[in-house]
Amino acid sequence: MVKVVVHTDVRKSQINKNIYGQFSEHLGRCVYEGIWVGYDSPIPNTDGIRNDVIGALKELRVPVLRWPGGCFADEYHWQDGIGPYENRPRMLNTHWGGVEENNHFGTHEFMRLCELIGAEPYICGNVGSGTVYEMQQWVEYMNNGGQSPMASLRAQNGREEPWNVKYFGVGNESWGCGGNMRPEYYADLYRRYATYVRNYTSESVYKIACGPNTADYHWTEVLMREAGKFMNGLSLHYYTTGTGIWEKKGSATGFTAEDWFTTLKATLYMEELIVKHSAIMDKYDPEKKVGLIIDEWGTWFEVEPGTNPGFLYQQNTLRDALVAGINLNLFHEHSDRVQMTNIAQIVNVLQAMILTEGANMVLTPTYHVFNMFKVHQDAHLLQTHYVSPSYSNGTDEIPQLSISSSVDANGHIHVSACNLSHADSLTVDLDLVGLSGVEISGQVLTASELDAHNSFGSPEQVAPKVLEGITVEQNSVRFSLPAASVAVIKIVS
């Protein structure tokens, strides 16, 4: 048993709802088939966007959606994706499978998707192969409500009113696929490009600089020193593999208990990255004006056998659910600095929320975690103390429990908890300091097999259920977490 003390009267940072952000790239079947089926498709759609996916994403309350990449962003030229479809030039998607991109899903289509699901758009601009002028014109096209050539072009293409895009990324992975740049060079380039991401309304565009790859602390140092005062956010990318080794990522299914342990240990590395990068940011930005934007994270396994290696299609199991829960709890705990995250990716790619196959759609275990945890969006983090028991594989150990608590605008408290152990249940005693006379309910996500997953034939193998056996005595709540489980407890006083 582990005792967890929740100080219900000690509010810490607000958990920015954008921590629950998503990412959609022109990669594999994410956009085409996963989101966009076209106006003439027999699959039910609204303006070419499939209705089942719209409904699932609205339920998830997706706060912000990143697009068009990823690596694709730095070879994407936005004017190829506007105007009549028959006039849009085709291109080769050199990063992802070498397939043809017809540009049928462009700026207007993406903005319509965001409107339909209620998300803010987060645009990633082309620094790697684009020009300052091209980026300036795109921002003008999207945001200028006055008279200008780009505003006139937008109206000519069917949109009179501007979209007033709030979030704009100046390049993607400029240390790698976005140009193989040195931080010193990119810092100067960022300052130049960001200058021309103009404000066309009273609300300034939130400018996000390309940050480090995993543990490249030198990159963070240089960017904060040389360009920190010109940015609102600095990105960080980190993916969890099944082996802890990038070159051999392991399988999404059919893994062992040892693989389970290794994967969860690898995802816990996220906290060290947040702490160390935040410490550098604190040196140059002690008031925490610059947000840490973890706009690519999640599991990355080998692709499903028989699929295009460049499409990054992988199954999604109970293990992915634990990875999602652990990371979201970590982001809550560091929400004084972490202001947005975007899991990769929303449909059919890597750790997806949704999988599609033709007209069929299935919700993944990761989707269910995001749906259970959405109660934390914009809530206030509560001071929480506990000492987790250890979970060991015989040679190494990690904490067995991951937990976070918050209070929402209605005064309702939610506690999200993950039992990392693949074999042992865990009893949790919540001591609710400053609260008594409470009503409790809970949901749990678990399964009998570690690689349990939802398929088109069996879409409910991993789905939330009522957490039974919760007991309450004055200000103490006790519940049991099954092995390999994610739970959310609701407390109403």
Side-chain angles (χ1 to χ4, degrees), residues 2-22 60-64 118-120 166-167 206 232-233 270-271 274-275 278 281-282 285-294 297 324-343 369-386 388 401-418 428-443 467 470 472 475-477 479 486-493:
V2 58
K3 184 172 183 178
V4 178
V5 179
V6 179
H7 294 271
T8 65
D9 53 349
V10 182
R11 298 187 178 196
K12 301 175 74 175
S13 50
Q14 187 171 28
I15 299 169
N16 193 321
K17 66 180 180 180
N18 289 336
I19 282 173
Y20 286 80
Q22 302 283 336
L60 214 53
R61 295 210 305 255
V62 175
V64 62
E120 290 285 350
K166 293 182 180 179
Y167 304 104
Y206 190 99
N232 303 106
M270 178 68 83
E271 181 160 38
I274 293 173
V275 169
S278 294
M281 296 175 76
D282 287 346
D285 175 37
E287 296 179 352
K288 301 186 188 299
K289 294 180 179 179
V290 179
L292 182 59
I293 312 296
I294 306 172
W297 67 274
I326 292 166
N327 276 292
L328 291 171
N329 280 343
L330 287 175
F331 300 153
H332 298 167
E333 295 304 308
H334 295 279
S335 51
D336 58 337
R337 178 64 79 177
V338 178
Q339 293 300 310
M340 183 194 297
T341 84
N342 309 82
I343 189 170
V369 170
F370 269 71
N371 205 23
M372 292 164 63
F373 278 44
K374 68 186 180 187
V375 293
H376 289 294
Q377 291 187 20
D378 281 342
H380 279 86
L381 183 70
L382 292 175
Q383 186 168 294
T384 304
H385 296 293
Y386 68 102
S388 172
L401 179 65
S402 163
I403 200 165
S404 183
S405 60
S406 70
V407 59
D408 66 17
N410 297 316
H412 299 160
I413 293 170
H414 294 95
V415 177
S416 49
C418 303
V428 178
D429 252 359
L430 286 181
D431 183 5
L432 303 171
V433 177
L435 208 62
S436 61
V438 296
E439 295 179 6
I440 306 292
S441 59
Q443 280 188 309
L467 181 61
I470 305 174
V472 182
N475 68 333
S476 181
V477 176
F479 59 92
V486 181
V488 173
I489 312 299
K490 181 179 181 179
I491 303 164
V492 179
S493 61

Please determine whether side-chain contact (heavy atoms from CB on, under 4.5 Å) holds for the pair His414 and Ile489, giving the CA-CA distance in whole Å, both sets of side-chain angles, and the decisive distance to 0.1 Å.
CA-CA 6 Å; His414 294 95; Ile489 312 299; over 6 Å; no

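- Side-chain contact annotation: His376 with Ser416, donor-acceptor N/O pair under 3.5 Å present.
- Looking only at side-chain heavy atoms (C-beta outward), Tyr167 and Asn18 come within less than 4.5 Å of each other.
- Taking CD1 of Ile491 as the start and CG of Leu432 as the end, the distance is 4.5 Å to the nearest 0.5 Å.
- Between the side chain of Asn342 and the backbone N or O of Gly21 there is no donor-acceptor pair closer than 3.5 Å.
- The pair Arg337-Asp285 counts as a salt bridge, with a side-chain nitrogen and a carboxylate oxygen less than 4.0 angstrom apart.
- With a 4.5 Å cut-off on side-chain heavy atoms, Phe479 and Leu430 count as touching.
- Arg61 CZ to Lys17 NZ: the interatomic distance, rounded to the nearest 0.5 Å, is 9.5 Å.
- Between Met340 and Val64 there is a side-chain heavy-atom pair separated by less than 4.5 Å.
- At least one side-chain heavy atom of Asn329 sits under 4.5 Å from a side-chain heavy atom of Phe373.
- Smallest separation of non-hydrogen atoms from Asn232 and Tyr206: O-OH, 2.9 Å.
- Inter-residue side-chain proximity for Ile19 and Val338 is flagged as met; some heavy-atom pair is nearer than 4.5 Å.
- A distance of 13.5 Å separates NE2 in His380 from CD1 in Ile413, rounded to the nearest 0.5 Å.
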Should Asp431 and Ser476 be marked as a side-chain contact (heavy atoms from CB on, under 4.5 Å) after you check the CA-CA gap, both sets of side-chain angles, and the distance that decides it?
CA-CA 5 Å; Asp431 183 5; Ser476 181; 5.6 Å; no

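- Between Ile440 and Lys490 the shortest side-chain heavy-atom distance does not fall below 4.5 Å.
- Annotation for Gly325 and Ser402: closest pair O-OG, 4.5 Å, computed over non-hydrogen atoms.
- Atoms CG and NE2, from Leu435 and His7 in turn, are 13.0 Å apart once rounded to the nearest 0.5 Å.
- Inter-residue side-chain proximity for Val407 and Thr8 is flagged as unmet; no heavy-atom pair is nearer than 4.5 Å.
- Salt bridge present: Asp336 and Lys288 bring a charged side-chain N and a carboxylate O closer than 4.0 Å.
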Evaluate the side-chain contact (heavy atoms from CB on, under 4.5 Å) criterion for residues Tyr386 and Val428: first the C-alpha distance (whole Å), next the side-chain angles of each, then the deciding distance (0.1 Å), finally the verdict.
CA-CA 10 Å; Tyr386 68 102; Val428 178; over 6 Å; no

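- Contact detail for Val2 and Leu401: the closest heavy-atom pair is CG1-CD2, 3.7 Å.
- Taking all atoms of both residues into account, the shortest heavy-atom contact from Leu292 to Ser278 is CD2-OG, 4.1 Å.
- Side-chain atoms of Ser335 come within 3.5 Å of backbone atoms of His332 as a donor-acceptor pair (strictly under, hydrogens ignored).
- To the nearest 0.5 Å, atom OG1 of residue Thr384 and atom NZ of residue Lys12 are 7.5 Å apart.
- Contact detail for Gln14 and Asp378: the closest heavy-atom pair is NE2-O, 2.8 Å.
- At distances below 3.5 Å, not a single donor-acceptor pair connects side-chain atoms of Ser405 with backbone N or O atoms of Val415.
- Within the 3.5 Å criterion, the main-chain N or O of His412 finds no donor-acceptor partner in the side chain of Asn410.
- For the atom pair CG of Leu328 and CE of Met270, the computed distance is 10.0 Å after rounding to the nearest 0.5 Å.
- In terms of heavy atoms, Ser404 sits closest to Glu333 at OG-OE2, 3.0 Å.
- For Lys374, the NZ atom is densely surrounded, since the number of other residues' heavy atoms within 6.0 Å is greater than 12.
- Counting heavy atoms from C-beta outward, Phe331 and Asn16 have side chains that stay 4.5 Å or more apart.
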